[in-house]
2 protein chains.
Amino acid sequence: MKKKFTIYDIANALNITAATVSRALNDNPNISKATKELVLKTAEKMGYEQNKLALALKSGKSNNVGVIVPRIDSNFFGSVIRGIEEELNPFGYHVIICQTNGDEAKEIANIDALLNSQVDGIFISTSSKDVASFERILRKDVPLIFFDRKKTMNNVSSVTINDFDGGYKATKHLIESGCRQIAHFSGDLNIEIFNDRFTGYKQALTDNGIDYIEEYVVKTRSNVEDGKKAVKKLLKLKNPPDAIFSSSDWDALGAIQELRAKNYKIPDDISVIGFSNEPFTKFMELSISTIDQFPLDMGKITAKVFLEQVNNSEKVKIEKKVVLEPELIIRKSTKKTLPKK
Amino acid sequence: MKKKFTIYDIANALNITAATVSRALNDNPNISKATKELVLKTAEKMGYEQNKLALALKSGKSNNVGVIVPRIDSNFFGSVIRGIEEELNPFGYHVIICQTNGDEAKEIANIDALLNSQVDGIFISTSSKDVASFERILRKDVPLIFFDRKKTMNNVSSVTINDFDGGYKATKHLIESGCRQIAHFSGDLNIEIFNDRFTGYKQALTDNGIDYIEEYVVKTRSNVEDGKKAVKKLLKLKNPPDAIFSSSDWDALGAIQELRAKNYKIPDDISVIGFSNEPFTKFMELSISTIDQFPLDMGKITAKVFLEQVNNSEKVKIEKKVVLEPELIIRKSTKKTLPKK
DNA sequence: TTATTTTTGGTAATCGATTACATAAAACGA
DNA sequence: TCGTTTTATGTAATCGATTACCAAAAATAA
């Protein structure tokens with residue numbers, strides 16, 4: 001077993017006390033230069049490294065933040081986390097990752113675990129219907145910030161994109177390119193982002209005098225298989241759609257694969273637009289129109305909001321709701337031309 | 001300020017000592033049932049949660065592991081981390097993420113920070129030329145495991161794929177499909193994985209009686225731009241290649257974009273094969289042949305090797321070198337036919 | 001030379017949980 | 001009834017670093 005050296009070891013070696021060593025290492029003004037140099041030299045020689053755990057226990061600050069996401073191996077969440085890490089690292093914070101796979105129970109378990117480990121903040125893209133566990137975070141006075149998938153709560157900051165606008169823009173684009181029977185892959189409508197996209201979709205229809213047809217809306221779960229299934233279902237309708245606005249790029253991909261397998265022409269027979277701007281949408285045979293959510297920025301801004309909050313001299317409560325504007329990206333899977341009329 | 005309750009608060013409330021409370025909470029057999037129930041009830045009522053920091057300081061175990069990667073927003077590393085997290089979470093471990101962007105100084109800084117925070121293990125995909133910082137980890141007796149980008153060190157476990165084999169398989173496939181002038185995008189040859197792929201490439205050439213031509217090897221940095229540049233360079237040769245084996249999917253993508261812009265036919269004029277099986281390679285107009293590295297498995301196995309190591313009753317030193325077998329995935333960017341002869 | 005101030009460093013409590021050791025009370029046997 | 005075992009809990013040290021408070025030594029003033 002190798003030995004880990006502490007300030008007490010340094011103190012013993014120099015016949016001084018740990019308090020002096022601690023002060024010397026922290027460059028405290030009432031330690032003489034001679035002693036400081038001696039301590040520093042000895043620390044160096046022994047390979048001393050500060051135990052952050054002891055410091056964290058004493059100070060109540062762990063310098064860790066927890067990030068809870070459905071999954072980390074998607075480009076979107078990977079980019080958000082990258083943004084958070086890059087922004088926080090210079091301030092000495094570390095990022096603890098937790099995955100929920102969209103499971104509410106796992107999300108609660110993760111929150112508990114993070115609270116136990118005394119993280120200095122929790123950033124979450126939630127999959128929960130309930131806010132009870134978030135209230136527990138607030139009760140412990142731990143900064144909580146939602147990103148992407150938020151819950152609306154008082155005194156809690158959030159960084160999201162305007163999903164309503166994203167849904168609106170995507171749908172409007174389809175309408176402007178001549179489509180009238182526009183289907184929607186919705187995702188779980190209990191989750192705000194999906195509900196907002198859906199609402200944006202409906203609003204765009206209304207604003208353009210198009211009737212909302214309930215059977216055009218299919219609930220999907222952001223994967224290729226669900227996209228295929230959804231298309232199959234839609235094609236069986238007596239009046240199949242001429243466009244699909246999918247709330248996820250993965251469903252859109254599934255839809256496109258299924259449509260092409262059935263020899264539909266995209267975008268001529270059916271236009272398809274996704275959501276998220278996953279890298280693959282750009283490189284595909286038939287590049288997919290989509291909505292960019294700027295995940296890297298979202299991560300960085302989330303981190304900044306957190307930093308503001310902890311540096312706020314703890315007096316006034318900050319509630320900051322940052323809403324990023326999504327961007328429509330038009331590619332080959334939707335028509336660029338104007339209405340046929 | 002909200003109050004965080006400790007075992008002392010419970011002890012005071014019940015007029016017993018913290019020791020008893022601690023024992024009751026840990027279901028110690030020599031605490032009476034009555035007291036246990038009382039303590040449990042009071043803890044519940046107060047919303048008590050154990051402070052893991054205090055526990056970690058006392059026990060010397062933080063239940064955190066550090067994972068150091070060049071970047072987290074790539075499918076490959078995202079998947080590895082997902083695998084690690086999934087495997088370790090049931091055992092109560094949390095994963096701290098650090099990014100280096102391939103910068104050696106940042107890697108060292110991250111290692112220092114992780115050691116300071118007393119992590120129970122460090123998993124790293126290294127970008128360093130030097131092993132000095134890893135020796136510091138070992139000196140502190142912290143388990144160290146390399147994955148993907150390793151250094152060869154005694155007493156250190158690693159989980160990698162057989163990059164030599166990957167390079168060999170890719171090159172052999174190109175040869176078998178009739179190519180003879182095979183170029184290679186190499187990456188930084190100081191990094192073992194790239195060097196191994198390169199060696200596999202050369203070996204496949206040799207085994208098939210093809211001369212190794214130095215000017216066919218271009219150093220790239222795993223991004224689209226470098227792939228384009230590399231192709232431009234190769235096409236200027238008096239004897240341009242008829243195939244490219246790229247050590248990265250991103251360079252391969254750049255190469256393909258550049259080649260198509262110049263009206264080369266793929267795979268007829270030039271075959272291209274990448275490395276990693278990034279999702280986009282599958283969905284592209286011209287799907288890209290590549291080598292699968294099974295990143296999720298790599299993460300899970302890395303975690304398992306770690307668990308074995310810490311459960312090893314700390315007596316015998318374990319050095320486990322796991323090498324996964326990569327898989328050739330043939331798609332449209334390479335010919336499937338046999339040699340034209 | 002004595003009193004006062006300034007330097008410098010020591011003492012001991014603290015953060016929250018665990019645990020070896022000690023001890024009081026209850027239960028038991030003879 | 002007295003000694004012995006068992007049961008249940010208390011006491012105090014420990015993990016490593018910080019810091020309010022105090023005290024000796026040195027420097028300065030009177």
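Letters A, B, ... mirror the listed sequences (proteins, then strands); counts begin at 1.
- Under the 3.5 Å distance criterion, the side-chain polar atoms of A:Asp9 are matched with a main-chain donor or acceptor of A:Thr6.
- The shortest distance between the side-chain N/O atoms of A:Tyr8 and the OP1/OP2 oxygens of D:dT14 is not below 4.0 Å.
- Of the residues in residues 52-65 of chain A, A:Leu57, A:Lys58 come within less than 4.0 Å of DNA chain C through at least one heavy atom, sorted by number.
- Judged purely by atom type and a 3.5 angstrom limit, B:Gln293 has no side-chain atom pairing as donor or acceptor with the backbone of B:Ile161.
- Taking every heavy atom of both residues into account, B:Lys151 and B:Ser128 meet most closely at CE-O, 2.6 Å.
- Here the options are B:Asp112, B:Asp130, B:Asp141, the test is salt bridge (charged side-chain N to carboxylate O under 4.0 Å, His left out), and the partner is B:Arg136; only B:Asp112 passes.
- Judged by distance alone, with hydrogens and angles left aside, the side-chain atoms of A:Lys106 form no donor-acceptor pair with the main-chain N or O of A:Pro70 at under 3.5 Å.
- Put simply, the side chain of B:Lys321 gets close to the backbone of B:Val156: a donor and an acceptor are under 3.5 Å apart.
- Put simply, B:Gln118 has no side-chain N or O that comes within less than 4.0 Å of OP1 or OP2 on D:dG16.
- Nearest heavy-atom pair across B:Leu53 and A:Ser117 is CD1-O, 3.9 Å.
- As judged by a 4.0 angstrom heavy-atom cut-off over every strand, B:Thr6 is placed among residues touching the sugar-phosphate backbone only.
- Within residues 20-37 of chain A, the residues approached by DNA chain D to less than 4.0 Å at the level of any non-hydrogen atom are A:Ser22, A:Arg23, A:Asn26, in residue-number order.
- Comparing atom distances between the A:Ala19 side chain and each of C:dG16, D:dT19, D:dG16 picks out D:dT19 as nearest.
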